[in-house]
Asker: 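Could you have a look at this structure, given as structure tokens, before my questions?
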Amino acid sequence: MRYNASPNLRSEIAVAKPIYVLNGPNLNRLGKREPEIYGTTTLAEIEAACRKAAGHWPLHFHQSNAESQIIDWIHEAIDAGAGIIINPAGLSFTSIPVLDALKMFAGPIFELHISNIHRRDEIYHHSLMSKVATAVIMGLGADGYATAVEAMVRRLERPS
Ligand code: DHK
């Protein structure tokens with residue numbers, strides 16, 4: 001579903017704060033990485049799907065294998081973003097610094113996992129991030145990203 005904003009909403013969106021889509025370690029290998037778990041969709045294809053789902057809403061899409069870089073993008077979003085969609089990947093289960101950074105973000109936070117972590121090994125069952133997430137989306141495969149972006153746009157446009 002492509003989002004078509006009315007003219008005056010389009011002008012509002014023109015100055016809207018961007019949605020940040022952040023991806024953690026090893027997600028740059030999507031397409032080749034454990035396709036039986038993560039599918040064969042590449043991160044570039046996921047980015048394209050996110051931009052299509054966002055329509056006119058501005059969107060920043062990033063991936064890093066470095067915890068500090070993920071934190072720097074969260075800080076950027078704290079100052080300039082409307083919403084965060086984050087797949088912290090393996091950092092979900094280990095990173096208190098990422099959790100602490102997310103705690104400082106005032107807007108909606110959607111935690112996203114391509115796989116259903118509760119159907120995986122025990123080590124993947126307890127995400128530290130879920131306690132600050134507005135919503136958690138998992139198990140939809142790569143399609144979960146466009147679903148998350150559409151839901152974020154709806155939430156950001158729903159008058160508070
Ligand atoms: C991605 C990872 O890299 C794993 O560490 C997580 C998550 C699951 C995903 O499903 O997107 O356990």
Side-chain angles (χ1 to χ4, degrees), residues 1-3 17-55 57-78 81-156:
M1 176 192 66
R2 179 171 181 76
Y3 179 77
K17 289 182 171 185
I19 295 166
Y20 281 70
V21 181
L22 304 180
N23 296 280
N26 304 305
L27 294 173
N28 55 312
R29 307 294 297 181
L30 285 174
K32 294 193 285 296
R33 177 192 179 194
E34 299 175 278
E36 68 286 359
I37 297 172
Y38 301 107
T40 57
T41 307
T42 65
L43 195 64
E45 290 163 340
I46 288 172
E47 179 175 358
C50 288
R51 294 195 182 286
K52 188 162 181 263
W57 200 280
L59 184 136
H60 291 325
F61 189 97
H62 298 299
Q63 185 277 334
S64 179
N65 297 327
E67 180 182 40
S68 60
Q69 178 60 77
I70 301 288
I71 292 166
D72 289 346
W73 285 322
I74 295 170
H75 290 174
E76 193 185 300
I78 289 166
I84 294 177
I85 296 167
I86 184 165
N87 184 344
L91 295 172
S92 308
F93 318 101
T94 60
S95 181
I96 292 174
V98 169
L99 170 63
D100 288 342
L102 289 172
K103 281 180 184 169
M104 295 184 277
F105 183 72
I109 298 169
F110 292 176
E111 175 187 355
L112 185 145
H113 300 283
I114 294 168
S115 64
N116 177 346
I117 61 175
H118 301 298
R119 294 179 66 176
R120 312 262 320 262
D121 299 349
E122 177 71 30
I123 57 170
Y124 297 124
H125 286 181
H126 179 65
S127 168
L128 300 173
M129 311 305 159
S130 302
K131 66 187 288 109
V132 294
T134 313
V136 180
I137 297 164
M138 65 173 75
L140 295 177
D143 294 346
Y145 282 88
T147 301
V149 171
E150 286 164 5
M152 182 64 80
V153 168
R154 279 197 300 275
R155 172 175 280 267
L156 294 173

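All of these numbers come straight from a predicted model, not from anything done at the bench. Residue numbers count from 1 along this sequence. Read the numbers this way: they start at 1 and go in the same order the structure lists the ligands and their atoms.
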Asker: Check this for me - ligand 1, Gly90, N or O atoms closer than 3.5 angstrom, yes or no?
Answerer: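 Yes: some nitrogen or oxygen of Gly90 is under 3.5 Å from one in ligand 1.
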
Asker: Quick check: does Asn87 get an N/O under 3.5 Å from an N/O on ligand 1?
Answerer: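 Yes; at least one N/O pair falls below 3.5 Å.
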
Asker: Strictly by modelled atom types, are Glu45 and Thr42 linked by a side-chain donor-acceptor pair under 3.5 Å?
Answerer: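 Yes - a donor-acceptor pair under 3.5 Å links their side chains.
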
Asker: Would you find a donor on one side and an acceptor on the other, under 3.5 Å apart, between the side chain of Glu111 and the backbone of Ser130?
Answerer: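 A pair under 3.5 Å: yes.
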
Asker: Compute the shortest N/O to N/O distance between Ile114 and ligand 1 and return yes if it is under 3.5 Å, no if not.
Answerer: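 Between Ile114 and ligand 1, an N or O pair is found under 3.5 Å apart.
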
Asker: As a test of understanding, state which of Asn87, Ile84, Val136, Ile85 forms a side chain to side chain contact (heavy atoms under 4.5 Å, CB included) with Phe110.
Answerer: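 Going through Asn87, Ile84, Val136, Ile85 one by one, the side chain to side chain contact (heavy atoms under 4.5 Å, CB included) with Phe110 is satisfied by Ile85 alone.
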
Asker: Students should be able to answer this: which protein heavy-atom is nearest to atom 12 (O) of ligand 1, and at what distance?
Answerer: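 In this structure, atom 12 (O) of ligand 1 has Tyr124 CD2, 3.0 Å as its nearest protein heavy atom.
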
Asker: Cut-off 3.5 Å, side chains only: do Asn26 and Tyr38 have a donor facing an acceptor?
Answerer: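 No.
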
Asker: Give the residue, atom name and distance (to 0.1 Å) of the protein heavy atom nearest atom 2 (C) of ligand 1.
Answerer: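 That would be Tyr38 OH, 3.5 Å.
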
Asker: Among all protein heavy atoms, pick out the one at the shortest distance from atom 7 (C) of ligand 1; state its residue, atom name and that distance to 0.1 Å.
Answerer: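 Closest protein heavy atom to atom 7 (C) of ligand 1: His113 ND1, 3.9 Å.
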
Asker: Taking the side chain from Thr134 and the backbone from Ile109, do they hold a donor-acceptor pair closer than 3.5 Å?
Answerer: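 Side chain of Thr134 to backbone of Ile109: a pair is present.
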
Asker: Checking Asn23 side chain against His62 main chain: does a donor-acceptor pair fall under 3.5 Å?
Answerer: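 Answer holds: yes.
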
Asker: Check each atom of ligand 1 against the heavy atoms of Ser115 and keep those under 4.0 Å away; list them by number with element.
Answerer: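 Result: 8 (C), 9 (C), 10 (O).
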
Asker: Compute whether any side-chain donor of one residue and acceptor of the other, for Gln63 and Asn65, lie under 3.5 angstrom apart.
Answerer: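 The answer is yes; a qualifying pair exists.
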
Asker: Within the 4.0 Å heavy-atom shell around Arg120, which atoms of ligand 1 are there?
Answerer: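 Listed by number with element: 8 (C), 12 (O).
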
Asker: Side chain, backbone, both or neither: which part of Met138 has a heavy atom under 4.0 Å from ligand 1?
Answerer: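 Neither; nothing of Met138 gets under 4.0 Å from ligand 1.
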
Asker: Does Arg33 have a heavy atom less than 4.0 Å from any atom of ligand 1?
Answerer: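 In this structure, Arg33 qualifies as a contact of ligand 1 - some heavy atom is under 4.0 Å.
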
Asker: Which residue holds the protein heavy atom closest to atom 6 (C) of ligand 1, what is that atom called, and what is the gap in Å?
Answerer: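 Of the protein heavy atoms, Phe93 CE1, 3.8 Å lies nearest.
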
Asker: Can a donor-acceptor pair be found, under 3.5 Å and without considering hydrogens, that links the side chain of His125 to the backbone of Arg120?
Answerer: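 It does hold such a pair.
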
